[in-house]
> 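One structure follows; several queries about it will come next.
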Amino acid sequence: MVRMEGRRRGGCSGRRIVASKRGSGNGNGSGNGISSNTINSNTNSISVIKKLQTREICSKPHRAFASATSPHRFRTMRLTHYYDSHDPSKSRSSLLPFLLKRTKVVEIVAAKNLIFALYHSGLCAAFSRETDERICFLNVCPDEVIRSLFFNKNNDSLITVSVYASENFSSLKCRSTKIEYIRRGTPDAGFPLFQSESLKWPGFVEFDDVNGKVLTYSAQDSIYKVFDLKNYTMLYSIADKHVQEIKIRELEALFHNRRADKRIKLFEAAESASTITFSLITHTLVMGVFDVTLAILLICYYVPSNLKLTQPTRLISHGSEPVLMISSLSFQNFLIKRPNSLQNPGIMLLIFNRTSGHIPLKIISIEDGTVLKVFNHLLHRNKKVDFIEQFNEKLLVKQENENLQILDVRNAELMEVSRTEFMTPSAFIFLYENQLFLTFRNRTVSVWNFRGELVTSFEDHQLWHPDCNTNNIYITSDQDLIISYCKADSDDQWMEGNAGSIHVSNILTGKCVAKINTTISCARADECSRNGCSCRESLYPCLMRNSVTEALEDITALFYDEDRNEIYTGNRHGLLHVWSN
């Protein structure tokens with residue numbers, strides 16, 4: 001089962017690269033191209049002022065504004081550029097021959113106006129969006145086969161994970177290179193990482209973006225080590241031959257009582273009228289108001305139970321939950337901050353070798369390895385374990401032909417979901433912002449909560465690839481949109497042939513916000529031609545139609561650059577395409 005987790009790619013935090021069992025030279029084992037779909041006409045007619053007002057008064061203004069404007073962000077995208085790393089005039093003859101063979105794009109990463117395309121052969125190329133040219137190859141040595149990429153936002157560097165022909169492609173080697181060095185065309189200015197570790201099969205390295213940690217496993221020593229992603233210093237090690245698997249998660253409220261007094265301090269920022277609404281039950285923020293003048297979002301994580309109010313207050317109702325309205329007559333614009341001691345630490349779930357009737361589990365702090373909880377989970381004898389996943393205080397366990405079990409590790413409360421309702425997925429993505437998780441099965445995507453309830457089923461979102469992985473889908477950092485390469489509509493099959501469609505869907509509603517397909521692209525090119533437009537589409541409508549169709553055929557990797565609002569796709573021919581406004 002493929003494991004995808006975290007909040008980025010968009011939503012994915014962890015990325016694990018496992019050493020190969022056998023040596024292998026392979027790598028990882030312009031028209032309007034978007035149509036609006038299922039968009040309510042009233043939503044389209046909302047004025048800019050109305051959307052701005054919604055942003056200012058909403059409890060999560062940034063997310064609300066992004067959700068309201070998402071159709072507009074994608075509707076005018078079109079095919080604008082393409083890159084090909086296999087330019088004979090620029091190829092490096094020193095590379096091994098198989099690296100220069102044209103193969104499919106398996107991974108795309110973008111950062112700081114650069115695009116990195118990794119090919120199945122192990123070749124990795126860097127392109128500049130500013131100059132629209134290939135800058136360099138990241139393969140520093142002639143026999144280097146790059147297997148995966150990771151952008152470290154802590155120090156603006158790209159980490160490459162490679163194997164080498166001189167070592168029979170059996171041991172993983174990591175290298176960190178500053179983005180600025182790559183921009184200058186000097187990728188060899190980077191430096192190696194984790195040189196003390198022997199990462200041969202089944203060893204691995206896993207990067208956790210959410211907690212800022214790196215987990216390595218040396219199989220020959222049976223030792224796990226945790227490193228700081230900021231400076232790559234080793235924090236601690238776990239030497240236990242009985243550990244079968246380790247999973248990294250973010251801890252939200254596993255061992256903290258939200259209702260307890262957390263010694264919150266109030267900081268007066270400036271004099272500005274504001275209103276904050278707090279829950280009297282959970283002592284958490286119900287509504288925050290965005291101050292337009294200071295451009296400061298008033299945020300509260302906890303409200304102490306013994307907070308003394310010195311200004312006029314009034315009790316109102318927020319649904320079925322009583323809340324307290326704090327007037328700003330004397331409590332001018334303030335921020336409520338959470339002490340450093342309450343910052344959400346990450347956790348690691350240690351899964352030990354199962355016994356006949358149970359499986360031993362241990363939860364430790366990812367910061368220092370402190371043991372937080374040790375317990376056993378009962379299993380059905382002689383039944384294979386399909387998966388064990390940890391999300392905050394919830395443990396998800398599924399055995400073959402058995403119900404899904406959701407265990408609250410704080411109070412041992414157990415609930416079950418029928419195996420007919422929840423069937424074993426091929427992949428997970430946990431959505432920390434929404435306290436939900438995605439499942440992928442048989443080209444379909446579903447959204448679940450931790451009560452075992454199906455929250456969303458996506459419409460018009462049949463994935464193209466049956467083996468879903470983080471390389472051909474993207475979840476935005478707000479975790480409100482999923483961008484995927486999907487099957488084209490049945491009505492468009494006669495025109496699109498083998499071409500698929502890039503769909504942008506709302507995760508919470510399942511509605512398709514926008515899509516890139518050949519049909520709309522062709523209509524746009526024909527319209528430009530009729531209107532006498534001087535753009536490239538009007539001059540070469542047939543050529544553009546063919547280009548868009550070819551770009552949407554057999555997409556093997558997809559990435560969305562949120563900073564530039566551009567979608568990058570790679571296909572089996574090794575071409576990299578840019579869809580932009």
> Is there a side-chain contact between I406 and L404, using heavy atoms and a 4.5 Å cut-off?
yes

> In terms of side-chain geometry, is the basic nitrogen of K515 or D460 positioned less than 4.0 Å from the acidic oxygen of its partner?
yes

> Can you tell me how far the CD atom of E130 sits from the NZ atom of K112, to the nearest 0.5 Å?
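Reported value, rounded in 0.5 Å steps: 11.5 Å.
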
> Looking at S477, is its backbone amide N or carbonyl O close enough to the side chain of E562 to form a donor-acceptor pair, meaning the two atoms are under 3.5 Å apart?
yes

> What's the separation between atom OG1 in T569 and atom CD1 in I502, rounded to the nearest 0.5 Å?
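Between T569 OG1 and I502 CD1, I get 5.0 Å after rounding to 0.5 Å.
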
> Do D156 and F151 have side chains that get closer than 4.5 Å, going by heavy atoms?
yes

> State whether a side-chain donor-acceptor pair under 3.5 Å links R564 with N113.
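Side-chain D/A pair, R564 to N113: present.
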
> Please give me the minimum heavy-atom distance between V417 and G452, naming the atom from each residue.
CG2-CA, 3.5 Å

> Tell me every residue that passes side chain to side chain contact (heavy atoms under 4.5 Å, CB included) with V455, counting only those two or more places apart in sequence or in another chain.
L436, V447, N449

> Has N506 got a side-chain atom pairing as donor or acceptor with L508's backbone, closer than 3.5 angstrom?
yes

> Does the side chain of V504 reach to within under 4.5 Å of the side chain of Y560, using non-hydrogen atoms?
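SC-SC contact between V504 and Y560 ruled out.
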
> Does S85 form a side chain to side chain donor-acceptor pair (under 3.5 Å) with Y119? I'd like the steps, not just the answer.
CA-CA 10 Å; S85 66; Y119 300 85; 3.2 Å; yes

> Short question: side chain of N471, backbone of V106 - any donor-acceptor pair under 3.5 Å?
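Checking the backbone N and O of V106 against the side chain of N471, a donor-acceptor pair under 3.5 Å is found.
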
> Examine distances only and state if a side-chain atom of N152 and a backbone atom of L229 form a donor-acceptor pair shorter than 3.5 Å.
yes

> Determine whether K511 and E459 satisfy the following criterion, salt bridge (charged side-chain N to carboxylate O under 4.0 Å, His left out), listing intermediate values before the conclusion.
CA-CA 6 Å; K511 300 292 184 180; E459 64 176 27; 3.8 Å; yes

> Please determine whether side chain to side chain contact (heavy atoms under 4.5 Å, CB included) holds for the pair L349 and I246, giving the CA-CA distance in whole Å, both sets of side-chain angles, and the decisive distance to 0.1 Å.
CA-CA 6 Å; L349 174 67; I246 289 184; over 6 Å; no

> For the pair T556 (side chain) and K104 (backbone), establish whether a donor and an acceptor sit closer than 3.5 Å, ignoring hydrogens and angles.
no

> Is any side-chain heavy atom of I179 less than 4.5 Å from a side-chain heavy atom of L114?
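Yes, close enough: below the 4.5 Å cut-off.
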
> Could you tell me whether F437 and F450 have their ring centroids closer than 6.0 angstrom?
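Yes, ring centres under 6.0 Å apart.
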
> Below 4.0 angstrom, N of the basic side chain to O of the carboxylate: do E389 and K247 qualify?
yes

> What is the ring orientation for Y474 with F559, classed by angle as parallel under 30°, tilted 30 to 60°, or perpendicular over 60°?
perpendicular

> Under 4.5 Å between any side-chain heavy atoms of I351 and L361, yes or no?
yes

> Distance from I363 atom CD1 to I347 atom CD1, nearest 0.5 Å?
5.0 Å

> Tell me whether T103 contacts the main-chain N or O of S121 through its side chain, where contact means a donor paired with an acceptor under 3.5 Å.
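Yes; at least one donor-acceptor contact below 3.5 Å.
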
> Got more than 12 heavy atoms from elsewhere within 6.0 Å of NZ, K230?
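12 or below, so no.
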
> Do any N or O atoms from the side chain of S484 and from the backbone of C486 form a donor-acceptor pair under 3.5 angstrom?
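The answer is no, because no donor-acceptor pair under 3.5 Å joins these two groups.
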
> What pair of heavy atoms forms the shortest contact from F458 to I482, and how long is it?
CE2-CG2, 3.8 Å

> Output the distance between atom NE2 (H461) and atom OG1 (T456), rounded to the nearest 0.5 Å.
12.0 Å

> Give a yes-or-no answer on whether the side chains of N442 and T444 include a donor-acceptor pair shorter than 3.5 Å.
no

> Quick one: do L138 and I146 satisfy side chain to side chain contact (heavy atoms under 4.5 Å, CB included)? Show the steps, please.
CA-CA 8 Å; L138 271 64; I146 298 177; 4.0 Å; yes

> If you round to the nearest 0.5 Å, how far is CG of D386 from NZ of K384?
4.0 Å

> Determine, step by step, whether E553 and H573 satisfy the side chain to side chain donor-acceptor pair (under 3.5 Å) criterion, reporting the C-alpha distance in whole Å, the side-chain angles of both residues, the deciding distance to 0.1 Å, and the verdict.
CA-CA 10 Å; E553 288 182 352; H573 301 295; 5.3 Å; no

> Working note: Y432 + F391, criterion side chain to side chain contact (heavy atoms under 4.5 Å, CB included); need CA distance, chi angles, decisive distance, verdict.
CA-CA 9 Å; Y432 291 96; F391 180 91; 3.6 Å; yes

> Looking at every heavy atom in both F207 and C174, which two are closest together, and how far apart are they?
CZ-SG, 4.4 Å

> Using side-chain heavy atoms (C-beta onward) and a distance below 4.5 Å, is V214 in contact with V205?
yes

> Test of understanding: with salt bridge (charged side-chain N to carboxylate O under 4.0 Å, His left out), list the residues that count as partners of R129, not counting sequence neighbours.
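Here the qualifying residues are D132, E566.
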
> After noting the C-alpha distance and the side-chain angles of H503 and S501, does the key distance pass the side chain to side chain donor-acceptor pair (under 3.5 Å) rule?
CA-CA 6 Å; H503 290 205; S501 177; 3.0 Å; yes

> Looking at side-chain heavy atoms only, is the closest gap between F387 and L396 below 4.5 Å?
yes

> Is the backbone N or O of V513 less than 3.5 Å from a side-chain atom of R75, with the two atoms forming a donor-acceptor pair by type?
no

> Could you tell me which residues satisfy side chain to side chain contact (heavy atoms under 4.5 Å, CB included) with A557, sequence neighbours excluded, listed by chain and number?
V105, I108

> Which pair of non-hydrogen atoms, one from N403 and one from S418, has the smallest distance, and what is that distance?
OD1-CA, 3.4 Å

> When you measure from the side chain of T476 to the backbone of L481, do you find a donor-acceptor pair of N or O atoms at a distance under 3.5 Å?
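Confirmed, T476 side chain pairs with L481 backbone.
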
> For T80 and W579, what are the C-alpha separation, side-chain angles and deciding distance, and is it a side chain to side chain donor-acceptor pair (under 3.5 Å)?
CA-CA 6 Å; T80 59; W579 309 84; over 6 Å; no

> Show the nearest heavy-atom pair for residues C512 and S505, with the distance to one decimal.
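Minimum heavy-atom separation between C512 and S505: CA-OG, 3.8 Å.
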
> Checking D561 against Y568 for the side chain to side chain contact (heavy atoms under 4.5 Å, CB included) test, could you report, in this order, the C-alpha distance in whole Å, the side-chain angles of both residues, the deciding distance, and whether it holds?
CA-CA 8 Å; D561 190 330; Y568 308 130; 3.5 Å; yes

> Measure from the ring center of F116 to the ring center of F127 and say whether it is less than 6.0 Å.
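No - the distance between ring centres of F116 and F127 does not fall below the 6.0 Å cut-off.
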
> Would you give the length of the straight line joining atom CG of L407 to atom CG of L414, rounded to the nearest 0.5 angstrom?
6.0 Å

> Please check if the side chain of N565 supplies one atom and the backbone of R73 the other of a donor-acceptor pair under 3.5 Å.
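Present.
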
> Under 4.5 Å between any side-chain heavy atoms of Q405 and M415, yes or no?
no

